[in-house]
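Scroll down for the structure; my scribbles are underneath it.
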Amino acid sequence: MNFTSDIKKEIISRGSGRRKRGEAERKAALSAFVRTSGFIGIRNGTPSFFIVSETENVAEFFMSSFLETFGVELSVTNATMDRMSGRDKLLLQCPPTFSAQALEALELLNKNGGIKEGISARLVQDEKAKASYIRGAFLGGGSCTVPSENTKSGYHLEIVFYDKKTAWDFCELLEEFELLARLIERKDSFVVYVKSKEVISDFLAIIGAENCLRKFSAIVDKRDRANNNNRAQNCISGNADKAASAAVKQVLAIEKIKNSAVYETLSDELKALAKTRLLHPEKSLQELADYLKVSKSCLNHRMRKLIELSEKTEPEKK
């Protein structure tokens with residue numbers, strides 16, 4: 001089971017649990033669900049709608065919620081397999097005689113029979129209804145992916161809508177909970193998405209997916225530790241490369257001096273350092289300082305002198 005399925009399963013479990021949601025919350029969730037997985041049409045002046053779901057437990061949850069809210073059953077009129085996903089698609093149909101009444105109650109139809117755009121303010125009047133709308137939207141058109149050990153993908157949560165006004169209103173609804181999302185157009189749909197792990201954590205908390213939030217936090221912690229370890233190793237490796245490069249430069253400088261008359265003019269301290277570096281090219285400056293029983297700053301000073309002398313030394317003519 002993937003993480004999206006885990007989230008939807010928990011939403012359904014909590015929505016069907018001991019605390020039944022009120023009518024306003026159910027209507028908000030149903031309206032969002034129709035917006036994200038439903039199709040509304042007007043045929044011969046008569047409005048109608050149906051819902052498509054690829055997940056049986058999600059379909060059952062909304063059939064139950066619709067019945068509880070309106071006392072009317074949605075019927076499964078068709079079940080086909082999606083060639084792209086390989087999963088069955090359930091088609092839920094509202095009775096034609098009740099479609100207009102249901103759509104008006106869900107703030108999806110105007111009094112004059114036209115299809116509404118956007119999210120009605122009457123539908124999301126309080127925080128509970130707003131959170132319920134967000135839950136319904138995720139159940140209908142949401143997905144969430146998290147990084148795994150076998151992939152380099154990042155964090156990504158998205159919800160797909162089929163009209164731009166509703167998608168924009170949904171972004172504004174998320175902003176009321178201090179969740180910043182982006183909107184892009186994808187073929188004939190509009191996708192609200194976030195890639196921030198912090199925003200996804202807050203999203204899970206708002207929709208009440210507490211178990212998934214704990215699981216998500218564990219994934220984030222594990223990945224952050226791995227990333228920090230990788231950065232530390234890269235830093236160590238980078239420092240080692242710099243030290244090796246510096247050692248090569250020092251050896252070349254000392255060999256240049258040794259092959260010239262300048263070498264005999266060196267002080268005993270500089271000669272000792274030159275000999276030690278040539279004998280131990282792999283050692284760090286701190287290890288050389290310990291070997292010669294001097295401080296690292298003193299050794300640095302002597303090494304700079306050797307390199308300066310090398311730059312001024314002309315190679316001997318043969």
Side-chain angles (χ1 to χ4, degrees), residues 8 11 15 23-56 58-80 82 88-125 129-130 132-143 158-174 183-192:
K8 292 185 178 182
I11 293 174
E23 183 177 338
E25 292 177 71
R26 293 198 305 273
K27 284 183 177 180
L30 283 166
S31 182
F33 190 72
V34 174
R35 286 291 197 193
T36 51
S37 62
F39 298 87
I40 307 171
I42 308 291
R43 181 176 295 178
N44 298 325
T46 303
S48 64
F49 74 93
F50 62 88
I51 298 170
V52 177
S53 177
E54 293 182 354
T55 311
E56 187 174 347
V58 173
E60 290 176 352
F61 175 73
F62 275 97
M63 288 176 72
S64 173
S65 184
F66 194 88
L67 178 61
E68 185 179 359
T69 303
F70 298 114
V72 174
E73 289 188 357
L74 297 174
S75 57
V76 180
T77 60
N78 197 11
T80 60
D82 188 304
D88 288 337
K89 296 176 71 171
L90 302 174
L91 185 66
L92 310 179
Q93 184 77 48
C94 180
T97 55
F98 189 73
S99 291
Q101 186 177 339
L103 291 172
E104 282 185 18
L106 298 179
E107 298 291 341
L108 299 172
L109 200 68
N110 294 316
K111 292 293 184 181
N112 59 9
I115 299 170
K116 281 186 178 181
E117 291 185 345
I119 302 173
S120 170
R122 287 193 296 269
L123 199 65
V124 287
Q125 292 186 13
K130 291 172 183 176
S132 196
Y133 192 98
I134 295 170
R135 278 190 291 269
F138 188 84
L139 284 173
S143 64
E158 69 174 43
I159 298 175
V160 181
F161 294 87
Y162 292 96
D163 77 271
K164 191 172 186 177
K165 181 64 168 63
T166 302
W168 273 119
D169 287 355
F170 190 76
C171 288
E172 293 180 354
L173 183 61
L174 292 178
L183 174 62
I184 58 168
E185 187 171 351
R186 185 189 294 164
K187 295 183 179 179
D188 297 326
S189 62
F190 301 89
V191 182
V192 176

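Everything numeric here is computed off the predicted structure, so don't read it as measured data.
The closest donor-acceptor contact from the side chain of T36 to the backbone of A32 lies under 3.5 Å. Under a 3.5 Å cut-off, the side chain of S64 and the backbone N or O of E60 do not form any donor-acceptor pair. A donor-acceptor pair under 3.5 Å links the side-chain atoms of S99 to the main chain of P95, judged by distance alone. The main-chain N or O of L123 is never found under 3.5 Å from a side-chain atom of K130 such that the two would form a donor-acceptor pair. The main-chain N or O of G118 is never found under 3.5 Å from a side-chain atom of D169 such that the two would form a donor-acceptor pair. S37 contributes a side-chain N or O that, together with a main-chain N or O of F33, makes up a donor-acceptor pair within less than 3.5 Å.
A heavy-atom distance below 4.5 Å is not found between the side chains of S75 and L92. Between I51 and F62 there is no side-chain heavy-atom pair separated by less than 4.5 Å. A heavy-atom distance below 4.5 Å is found between the side chains of E23 and T69. When side chains are defined from C-beta on, D188 does not count as touching Y162, because their heavy atoms never get closer than 4.5 Å. The closest side-chain heavy-atom distance from Y133 to S31 is below 4.5 Å. Residues I134 and L173 meet the side-chain proximity criterion, which asks for heavy atoms closer than 4.5 Å. Two residues are said to be in side-chain contact when any heavy atoms from C-beta on lie closer than 4.5 Å; E25 and R135 meet this criterion.
Residues V34 and L108 come closest through the heavy atom pair CG1-CD1, 3.7 Å. Shown here for P47 and L109, the closest heavy-atom pair between the two residues is CG-CD2, 3.8 Å.
Taking the ring centroids of F98 and F70, they lie under the 6.0 Å cut-off. Aromatic pair F190/F161: centroids not less than 6.0 angstrom apart.
The pair R35-E107 does not count as a salt bridge, with every side-chain nitrogen at least 4.0 angstrom from each carboxylate oxygen.
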